[in-house]
J.: 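Just passing along the structure, written as structure tokens.
Fair warning: this is a prediction, and the values are worked out from it, not measured in the lab. So that the names make sense, note that chain A is the first sequence line, chain B the second, and so on, each numbered from 1.
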Protein chains: 2
Amino acid sequence: MAVHEVLAAVLQVRAGSLQVLLWQRALAPDAGRWSLPGGKLRPDEDVETSIRRQLAEKVDVRQLTHVEQLAVFSAPDRVPGARVVATAFLGLVPCDVDPALPEDTAWHPVEALPETAFDHDVIVPRARDRLRAKLSYTNLGFALAGPEFTVSTLRELYSAALGYKVSATNLQRVLSRRGLLEPTGSTAPPGPSGGRPAALFRFTARGLQVTDPFAVFRPPAHNRPARSARWP
Amino acid sequence: MAVHEVLAAVLQVRAGSLQVLLWQRALAPDAGRWSLPGGKLRPDEDVETSIRRQLAEKVDVRQLTHVEQLAVFSAPDRVPGARVVATAFLGLVPCDVDPALPEDTAWHPVEALPETAFDHDVIVPRARDRLRAKLSYTNLGFALAGPEFTVSTLRELYSAALGYKVSATNLQRVLSRRGLLEPTGSTAPPGPSGGRPAALFRFTARGLQVTDPFAVFRPPAHNRPARSARWP
DNA sequence: CCAAAAGTGTTGGAGTTACACCCATGG
DNA sequence: CCATGGGTGTAACTCCAACACTTTTGG
């Protein structure tokens, strides 16, 4: 008989850094502090439906390219008053959209969070770490990028999300070898200072796919499929 | 205002195969079908405390070497009657213990489940997959093995859990290079048909440690620590 | 022709698989 | 001394990081 709420750390790469969407509480408890968007779970919806509805309603974020569960936060005293159990989500918004936001809502760099309400400061790093891990072994980059992009752009997205410089050279090679990237055939015009025009690419799939499931302990070669469609 | 329950897929390698602990329901709904152990979340405990308590109480499993959250299952109609939201866990029991079980409780191979209650048949494969993934990039093997073991024994555990043959040669090398395994100095007596006595090993740490966090996209070498203590 | 940005070639090394070979023990 | 299981040495392979080099544009 506990209230169940859903919360989302919605992440987007903005201005070269990974940022999270927060709204500032006007009322107690924790008035003035910043809070993850979300709200109560309704009786007729599951948690993912609920967080998608609440994000659409409250902060007008509809262009989520990826949503996944992070964890349940259930310490009995995690919020003051009656107990609330929370299911936390990671949400991703591609870099080519800029949703209209209510007055009290703003993006904040993940590495420089303001004072947050309740246990929300624990949830944001969890979301960031999940994103970083999945960028390495899945095609999750599609959720940060727009439909078409240059390798330079993609490099900036990966660098911002991972927190360190990624080489464009090797990024393109790794993603191409895995079959995640394909050229569109067209090119982007060069900038004002010249330079060779960049080829445009897109992700071959836009749903989450695990491309490198095993760091080690791969199954023996004779009953393992070829590179393109890996186990399992 | 939904009831919240906790459920655990408790896994152990038994008789060469990965098995899960289930109890057979006596009463409706789903009488006769097999169910994951668990129960209602109490107001004064968080979900992990709760699942540990319920496993200790109901099936007398106290020797859990590892417990972690899997996911929330929240479809409004996942159980008949009033709504119940469930937090599912993965639990691991080392191969050297054999807990006393109540009458209605038994181990079942993960690959040959009986008819299960509700959505529990979805939870068990999720637990298995999580275990398989973490065996590759963490030291989670400690949770399947006893305090001391031979490489042959460890090979059987990994083979059963992963579902394919693992070479003892390479298993030892990989785990040793990562610094997860250390020899105890003593040896196990050979079997009835002779053979060289096997050296005994232990895991150097018995808490979960991520040993291989990045499949690719490692940070540049100059700001990356050496092999032993990897990022982050 | 030069600067700038994009893209390719190539080398080297880390980590792993596969397999041949050597070691220690019981009958 | 031979069968049996345990352990080591080593070659080949996959994948990736690093960096030099080439290509294509604007001034």
J.: Just to be sure I understand the rule, does B/A199 reach a base, reach only the sugar-phosphate, or reach nothing, if contact means heavy atoms closer than 4.0 Å?
T.: sugar-phosphate
J.: Can you name the one residue among B/I123, B/L64, B/V67 that meets side-chain contact (heavy atoms from CB on, under 4.5 Å) with B/F89?
T.: B/V67
J.: Let's see if you can work this out: which of D/dG26, D/dT24, C/dG9 has an atom nearest to the side-chain heavy atoms of A/T169?
T.: C/dG9
J.: State, yes or no, whether a side-chain contact exists between A/W107 and A/Q12 at a heavy-atom distance under 4.5 Å.
T.: yes
J.: Kindly point out which of C/dA4, C/dG7, D/dT25 is positioned nearest to the side chain of A/Q172?
T.: C/dG7
J.: Which of the following nucleotides, C/dA6, D/dA18, D/dG26, is nearest to the side chain of A/P190?
T.: D/dG26
J.: Let me know the distance between OH of A/Y164 and P of D/dA18, rounded to the nearest Å.
T.: 11 Å
J.: Which nucleotide wins on minimum distance to the side chain of A/R177, given the candidates C/dA24, D/dC16, C/dT8?
T.: D/dC16
J.: Could you tell me whether the phosphate oxygens of C/dT16, OP1 or OP2, come under 4.0 Å of any side-chain nitrogen or oxygen in B/R178?
T.: yes
J.: Can you find a pair of side-chain heavy atoms, one from B/T105 and one from B/L22, that are under 4.5 Å apart?
T.: no
J.: Quick one: do B/R14 and B/D98 make a salt bridge, cutoff under 4.0 Å?
T.: yes
J.: With A/L171 as reference, evaluate A/L154, A/L181, A/L157 under the side-chain contact (heavy atoms from CB on, under 4.5 Å) test and give the passing residue.
T.: A/L154
J.: Just how far, in rounded Å, is P of D/dT10 from CG of B/N170?
T.: 16 Å
J.: Do B/S186 and B/T184 have a side chain donor and acceptor closer than 3.5 Å?
T.: yes
J.: Report the distance from atom CG of B/L162 to atom P of C/dT17, rounded to the nearest whole Å.
T.: 11 Å
J.: So if I take every side-chain heavy atom of B/V151 and compare against D/dG7, C/dC19, C/dA4, which nucleotide ends up nearest?
T.: D/dG7
J.: Among C/dA18, D/dC19, C/dT16, which nucleotide has an atom closest to any side-chain atom of A/R173?
T.: D/dC19
J.: Rounded to whole angstroms, how far apart are CG on B/D212 and C1' on C/dG15?
T.: 9 Å
J.: Among the nucleotides C/dG7, D/dG6, D/dA17, which one has an atom lying closest to any side-chain atom of B/A198?
T.: D/dG6
J.: Compare the minimum distances between each of D/dA17, C/dA6, C/dG7 and the side chain of A/V174, then state the nucleotide with the smallest one.
T.: D/dA17
J.: If the test is side-chain contact (heavy atoms from CB on, under 4.5 Å), which one of A/V93, A/L18, A/L144, A/L21 qualifies with A/L11?
T.: A/L18
J.: Provide a list of protein-nucleic acid N or O atom pairs under 3.5 angstrom, restricted to nucleotides 21-23 of chain C.
T.:
from   : atom 1 : to     : atom 2 : distance (Å)
C/dC23 : O2     : B/R196 : NH1    : 3.4

J.: Tell me: CG of B/L200 to C1' of C/dA24, nearest whole Å?
T.: 15 Å
J.: Using the benzene-type ring in the case of Trp, are the ring centres of B/F149 and B/F142 under 6.0 Å apart?
T.: no
J.: Please state how far atom CG in B/L171 lies from atom C1' in D/dG5, giving the value in whole angstrom units.
T.: 16 Å
J.: Rounded to whole Å, please give me the gap between CG in A/L154 and C1' in C/dA5.
T.: 17 Å
J.: Output the rounded distance in Å from CZ (B/F149) to P (D/dG6).
T.: 15 Å
